[in-house]
Amino acid sequence: MPLETPAMEQLSTLSGKYGDEGDQLLYKILNSGDYFKKLSAYQTQAMGHEELDKTFIPSYDNTIENLDPKKSLPFIAEKGLRYDLTVPFARYVTMNRNSITLPFKRYQMQTVWRADKPQKGRYREFWQCDADVIGSDSLVNEAELLKMYDEVFALLNLPVVIKVNNRKLLSALATLIKAEPHFVAITVAIDKLDKIGQSGVTDILVQTGLDTKQIQQILTFLNLGKLANPIEAAEVMLGDLEEGKLGIAELKKLREFLSLLSPFNTIEFDFTLARGLSYYTGAIVEVQANIGAFKSSIGGGGRYDNLTGIFGMPGISGVGISFGLDRIYDVMEEQQLFPSYLKTNDTKILFCYFDATTQLKALSLCAELRNNGIAAEVYPDITKKIGKQLEYANKLQINYACIIGESELQSNTLQVKNLQSGEQHPMEINSLITLLQ
RNA sequence: GUGGUUUUAGCUCAGUUGGUUAGAGCGCCUGAUUGUGGUUCAGGAGGUCGCCGGUUCGAGCCCGGUAUUCCACCCCA
């Protein structure tokens with residue numbers, strides 16, 4: 001079923017769900033009214049002012065520069081703009097737990113906002129199209145959602161690579177090399193392998209504080225992807241660990257399901273896929289266009305085991321995918337994948353005229369055509385220049401022009417010109433309606 | 001958040017070591033053609049050179065600040 005959630009959420013709902021970077025990219029909304037004057041002495045202290053009391057507040061110039069932005073934020077901004085569709089969905093599920101039936105499926109197509117510097121393929125406001133299943137652990141859901149990616153992009157004629165991994169393997173890897181505290185740093189580093197290569201990844205890991213042996217094991221893990229049976233190879237490496245065992249089992253099961261669904265696109269298991277959103281716990285997926293120069297992801301998703309738990313409804317697992325609509329548009333525009341019929345004008349005919357009297361006639365004829373379900377337009381300005389009006393129709397790709405002058409008014413007929421063939425015939429309004437219907 | 005870059009006519013852009021009245025192409029308008037398109041020809045309109053300040057006899061050009069565009073990084077859709 002379709003679902004929509006408000007553009008604004010409580011900042012407390014959004015904070016901490018997307019990683020450190022995510023919190024910085026959240027658009028915060030200032031509280032209403034004179035939020036500084038409303039602050040209590042206690043609150044101003046909490047904002048970093050040991051000696052500040054309320055009488056001091058009205059002197060804004062003195063106070064603002066002394067405020068600690070991080071400490072101040074909760075007091076001056078309680079709302080933020082939607083950052084993705086998954087977290088609001090989890091909030092919705094929690095709030096409506098009594099009225100929805102699990103497993104619950106929904107799709108959601110709305111804009112989200114990131115407080116980012118815009119650049120190529122990167123927008124401050126963009127559309128996401130999400131599909132999620134919540135309240136079921138089954139890997140059938142993963143398989144079906146991956147197949148949904150596959151089918152949608154096949155319908156769009158846009159070849160893609162769908163990359164799949166499992167967070168549990170990455171987690172097991174961190175356990176194996178005894179570097180659990182550096183889990184996030186490790187995932188961020190290996191995610192960059194494509195861009196900066198092994199040496200670049202090594203550099204980052206050294207800076208993180210890992211030793212040579214640990215780094216070597218990470219690189220070994222990454223290279224498993226090149227083998228013929230990467231999942232089995234990973235099993236040898238990580239299968240003794242609890243999370244490794246689970247992750248391997250999930251990937252194997254998913255591979256089995258997918259083999260039955262005969263995908264059109266490449267679905268590959270890629271151990272370098274990490275993803276930054278912190279709420280993913282199991283399968284993670286990312287979609288890349290397999291055509292053109294744009295290499296950033298045009299879709300992503302994964303399984304989140306405890307997102308509703310944060311809102312007070314533990315033990316519910318969900319999995320979802322997201323289509324990055326704007327980036328998909330960008331790639332399709334670049335590759336000219338939009339079908340030509342989308343580019344034609346719906347307007348069938350333009351009414352051309354010469355003076356105030358024929359203008360009235362054109363308006364009433366146009367209305368009559370519209371009443372018959374025909375898209376028609378009237379040239380808006382009075383001009384003696386018929387050529388200009390025809391050229392306007394041309395530029396708008398309107399195929400017919402109806403010319404109304406004094407002689408047509410008297411004979412009660414219409415001159416209808418086909419702008420492609422150049423042919424022009426007099427006809428009655430009824431035959432014009434038949435012609436265009 | 002860090003680094004770079006852009007800003008001149010409606011649009012896309014030239015503009016030399018600072019020097020008279022800032023240019024081009026396209027578009028637009030008018031006419032050849034007082035009611036029949038895409039071509040052609042002739043003519044025309046349109047710019048406080050992003051903004052504020054400074055240097056200079058003189059600034060589109062140099063300097064400072066500020067806004068803005070796009071790009072890369074970071075991160076992601």
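Labels below follow one simple rule: chain letters A, B, ... track the order of the sequence lines, proteins then strands, and each chain is numbered from 1.
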Taking any heavy-atom pair under 4.0 Å as a contact, classify A/Gly121: base, sugar-phosphate, or nothing. base
Could you check whether A/Tyr123 gets within reach of a base, just the sugar-phosphate, or nothing at all, counting any heavy atom under 4.0 Å? base
Residues which pass salt bridge (charged side-chain N to carboxylate O under 4.0 Å, His left out) with A/Lys385, listed by chain and number, not counting sequence neighbours: none
Expressed as a whole number of angstroms, how long is the span from A/Arg82:CZ to B/rC76:P? 20 Å
OP1 or OP2 of B/rG31 less than 4.0 angstrom from a side-chain nitrogen or oxygen of A/Lys385, does that happen here? yes
Looking at residues at least two apart in the chain, or sitting in another chain, which of them share a ring-ring contact (aromatic ring centres under 6.0 Å, His included) with A/Phe264? none
Can you tell me the distance, in whole Å, between the CG atom of A/Asp330 and the P atom of B/rC71? 10 Å
Got a donor-acceptor pair under 3.5 Å from the side chain of A/Gln415 to the base of B/rU36? no
Check the distance between B/rU6's P and A/Lys117's NZ and give it to me in whole angstrom. 16 Å
Go ahead and write out RNA chain B as dot-bracket, 5' to 3': ( ) for pairs within the strand, [ ] for ones crossing earlier pairs, | when the partner sits on another strand, dots for unpaired; Watson-Crick or G-U wobble, both distances under 3.5 Å. ((((..(..((((.....[...)))).(((((.......))))).....(((((..]....))))))..))))....
For A/Tyr149, which residues count as a ring-ring contact (aromatic ring centres under 6.0 Å, His included) partner, sequence neighbours excluded? A/Phe323
Results of side-chain contact (heavy atoms from CB on, under 4.5 Å) for A/Ile204 - residues two or more places apart only: A/Ala189, A/Lys192, A/Ile196, A/Thr208
Between B/rC75, B/rC71, B/rC76, which nucleotide gets closest to the side-chain atoms of A/Gln119? B/rC71
A/Arg122 (side chain) and B/rC70 (base): donor-acceptor pair under 3.5 Å: no
Are there more than 12 heavy atoms of other residues, nucleotides or ligands under 6.0 Å from atom CE of A/Met8? no
Suppose we call a contact any N or O donor and acceptor under 3.5 Å apart; does that hold for the side chain of A/Arg114 and the base of B/rC76? no
Hey, is the main chain of A/Gly121 close enough, under 3.5 Å, to the side chain of A/Arg327 for a donor-acceptor pair? yes
Go through B/rC74, B/rA77, B/rA72 for me and flag the one nearest to the A/Phe126 side chain. B/rA77
RNA chain B-proximal residues of residues 180-204 of chain A, any heavy atom under 4.0 Å: A/Val188, A/Lys192, A/Lys195
Are any non-hydrogen side-chain atoms of A/Asp330 and A/Tyr123 less than 4.5 angstrom apart? yes
Going by modelled atom types, is there a donor-acceptor pair between the base of B/rG35 and the side chain of A/Gln389 at under 3.5 Å? no
Would one find a side-chain N or O of A/Arg275 under 4.0 angstrom from OP1 or OP2 of B/rA77? yes
How long is the line joining CG of A/Asp23 and P of B/rC75, in whole Å? 15 Å
Between the protein and nucleotides 26-28 of chain B, list the N/O to N/O atom pairs that are separated by less than 3.5 angstrom.
from: B/rC28; atom 1: OP1; to: A/Lys395; atom 2: NZ; distance (Å): 2.7

I'd like to check the salt bridge (charged side-chain N to carboxylate O under 4.0 Å, His left out) partners of A/Arg303; sequence neighbours left out, ordered by chain and number. A/Glu142
Kindly write out the residues that satisfy side-chain contact (heavy atoms from CB on, under 4.5 Å) with A/Asp203, not counting sequence neighbours, or none if the list is empty. none
Sequence neighbours excluded, the answer for side-chain contact (heavy atoms from CB on, under 4.5 Å) partners of A/Thr220 is A/Gln216, A/Met237
A/Asp116 has an atom CG; how far is it from atom P of B/rU69, in whole Å? 14 Å
So what does A/Glu406 hit on the nucleic acid, given a heavy-atom distance under 4.0 Å: a base, only sugar-phosphate, or nothing? base
Go through the structure and list residues passing side-chain contact (heavy atoms from CB on, under 4.5 Å) with A/Phe257, not counting sequence neighbours. A/Leu139, A/Val140, A/Ala143, A/Lys253
Residues that A/Phe351 engages under ring-ring contact (aromatic ring centres under 6.0 Å, His included), provided they are two or more places apart: none
Side chain of A/Ser296, heavy atoms from C-beta onward: which of B/rC76, B/rU36, B/rG35 has the nearest atom to it? B/rC76
